Amino acid sequence: MIKKITTIFLLLALCTSCAPAYRTYNNTNKAVNFKNKEEAVNYFSKKYNYNREKIYFINPDETGSFMEYLVSQNTSYFYGITVSDTLKINSPSLKADNSCSGVVSKVINSENIDYKTEPTKISTFDLKNVQNKAIDFKKGKSVIFIISTKLGNSISKTIKKLSTQVTELEDPETDYYLICIDYYNN
């Protein structure tokens with residue numbers, strides 16, 4: 001009898017746990033292998049209304065080193081804001097919590113603040129969109145977001161909101177880019 005009660009209790013606990021419900025509701029950890037870049041762009045532009053031309057991909061030969069670089073930079077969905085091809089903004093609030101949309105929003109909307117900068121290597125990677133166009137890190141500030149099907153609906157909506165803020169700045173020297181880290185076949 002005790003075994004049956006224990007088994008029922010464990011099954012009930014597993015079925016009512018928040019994690020599976022959250023993953024299902026928020027669509028996190030959903031692995032999608034796209035046939036090609038175009039399929040990935042169609043997915044993200046349809047599902048999250050992302051601008052197609054803003055979605056970039058890492059050269060598959062550099063995926064491992066790019067992912068290692070992102071981890072070394074403590075990147076969540078927000079890489080940072082580059083001010084040139086070799087420098088990015090070094091904000092103490094971003095260092096403390098670069099996954100907080102409020103902190104990211106504050107840095108995006110801060111004008112004429114003299115931030116300290118630090119070196120960045122992101123421009124050394126081969127990042128291109130479906131038109132085979134590379135990101136021009138030399139033209140001004142570049143707000144860089146990381147996108148993936150594994151991030152789920154909540155973070156993807158946050159990225160859309162923050163990228164819209166960049167557009168609403170109406171600053172010709174500030175732009176945003178979405179770097180997709182999902183697998184695709186060449």
Side-chain angles (χ1 to χ4, degrees), residues 37-38 40-59 62 65-67 69-182:
K37 290 180 188 179
E38 186 66 36
V41 167
N42 288 339
Y43 174 87
F44 285 108
S45 62
K46 182 178 178 183
K47 185 157 179 83
Y48 300 112
N49 198 29
Y50 290 160
N51 182 331
R52 297 174 54 83
E53 288 76 33
K54 301 289 186 184
I55 302 173
Y56 287 75
F57 299 87
I58 185 71
N59 179 322
E62 297 181 336
S65 57
F66 184 68
M67 295 304 287
Y69 177 69
L70 292 179
V71 169
S72 76
Q73 298 295 300
N74 296 320
T75 304
S76 57
Y77 66 87
F78 177 71
Y79 169 75
I81 301 174
T82 64
V83 294
S84 71
D85 60 335
T86 59
L87 295 172
K88 75 177 189 174
I89 291 175
N90 178 359
S91 166
S93 57
L94 283 177
K95 288 276 190 204
D97 193 0
N98 73 350
S99 66
C100 175
S101 64
V103 171
V104 174
S105 177
K106 184 177 178 181
V107 173
I108 288 171
N109 288 308
S110 297
E111 293 181 27
N112 303 321
I113 292 179
D114 189 23
Y115 283 108
K116 292 181 181 179
T117 57
E118 65 183 14
T120 179
K121 295 179 183 176
I122 197 159
S123 66
T124 64
F125 292 98
D126 185 15
L127 300 163
K128 294 188 178 158
N129 65 10
V130 288
Q131 289 86 18
N132 213 28
K133 180 182 172 189
I135 298 173
D136 183 3
F137 288 102
K138 293 180 181 180
K139 79 171 197 172
K141 289 183 183 175
S142 299
V143 182
I144 309 296
F145 298 101
I146 306 301
I147 62 172
S148 171
T149 56
K150 293 182 179 186
L151 293 177
N153 296 332
S154 179
I155 290 175
S156 296
K157 288 177 183 176
T158 297
I159 292 170
K160 178 61 180 171
K161 179 181 156 189
L162 292 169
S163 62
T164 300
Q165 285 181 2
V166 174
T167 303
E168 289 172 352
L169 290 174
E170 296 181 0
D171 180 354
E173 293 186 18
T174 302
D175 210 344
Y176 74 92
Y177 302 95
L178 309 167
I179 300 175
C180 180
I181 57 172
D182 288 327

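Along the sequence shown, residues are numbered consecutively beginning with 1. If you're wondering where the values come from, they're calculated on a predicted model, not measured in any experiment.
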Could you tell me which residues satisfy side-chain contact (heavy atoms from CB on, under 4.5 Å) with T164, sequence neighbours excluded, listed by chain and number?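 Partners of T164 by the side-chain contact (heavy atoms from CB on, under 4.5 Å) criterion, ordered by chain and then number, come out as K160, E168.
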Smallest separation among heavy atoms of [X] and [Y], with atom names:
{"X": "L151", "Y": "I147", "answer": "CD1-CA, 4.1 Å"}
{"X": "S156", "Y": "Y48", "answer": "CB-CE2, 3.3 Å"}
{"X": "T149", "Y": "F44", "answer": "N-CZ, 3.8 Å"}
{"X": "Q73", "Y": "Y79", "answer": "CG-CE1, 4.1 Å"}
{"X": "D136", "Y": "S142", "answer": "O-OG, 4.3 Å"}

Quick check: do [X] and [Y] have side-chain heavy atoms less than 4.5 Å from each other?
{"X": "T158", "Y": "F78", "answer": "no"}
{"X": "K46", "Y": "N42", "answer": "no"}
{"X": "I179", "Y": "F66", "answer": "yes"}
{"X": "S105", "Y": "L162", "answer": "yes"}
{"X": "V166", "Y": "T174", "answer": "yes"}
{"X": "E38", "Y": "R52", "answer": "yes"}
{"X": "I122", "Y": "I135", "answer": "no"}
{"X": "Y50", "Y": "V41", "answer": "no"}

Q131 atom CD, neighbour heavy-atom count above 12 within 6.0 Å: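 Atom CD in Q131 is crowded, with more than 12 foreign heavy atoms closer than 6.0 Å.
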Hey, mind stepping through K54 and D175 against side-chain contact (heavy atoms from CB on, under 4.5 Å) and telling me if it holds? CA-CA 9 Å; K54 301 289 186 184; D175 210 344; 2.5 Å; yes
Quick check against the 3.5 Å criterion: does E62 have a side-chain atom that pairs as donor or acceptor with the backbone of D126?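 Between the backbone of D126 and the side chain of E62 there is a qualifying donor-acceptor contact (under 3.5 Å).
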State whether the side chain of Y177 and the backbone N or O of Y56 hold a donor-acceptor pair below 3.5 Å, judged by distance alone.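 Flag not set: sc Y177 to bb Y56 has no pair under 3.5 Å.
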Measuring from atom [atom1] of [X] to atom [atom2] of [Y], what distance do you get when rounded to the nearest 0.5 angstrom?
{"X": "K116", "Y": "L87", "atom1": "NZ", "atom2": "CG", "value": "14.5 Å"}
{"X": "I146", "Y": "C180", "atom1": "CD1", "atom2": "SG", "value": "9.5 Å"}
{"X": "N109", "Y": "L169", "atom1": "CG", "atom2": "CG", "value": "5.5 Å"}
{"X": "S84", "Y": "F137", "atom1": "OG", "atom2": "CZ", "value": "10.0 Å"}
{"X": "I58", "Y": "L127", "atom1": "CD1", "atom2": "CG", "value": "4.5 Å"}
{"X": "K133", "Y": "K128", "atom1": "NZ", "atom2": "NZ", "value": "13.0 Å"}

Can you check side-chain contact (heavy atoms from CB on, under 4.5 Å) on E118 and K88, steps first, answer last? CA-CA 6 Å; E118 65 183 14; K88 75 177 189 174; 2.9 Å; yes
Strictly by modelled atom types, are Y69 and T124 linked by a side-chain donor-acceptor pair under 3.5 Å?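 No - no donor-acceptor pair under 3.5 Å links their side chains.
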Give a yes-or-no answer on whether the side chains of S148 and D182 include a donor-acceptor pair shorter than 3.5 Å.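 Yes, because at least one side-chain N or O of S148 sits under 3.5 Å from a partner of the opposite role on D182.
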As a quick check of understanding, evaluate side-chain contact (heavy atoms from CB on, under 4.5 Å) for I89 and V83, giving each step before the final call. CA-CA 7 Å; I89 291 175; V83 294; 3.8 Å; yes
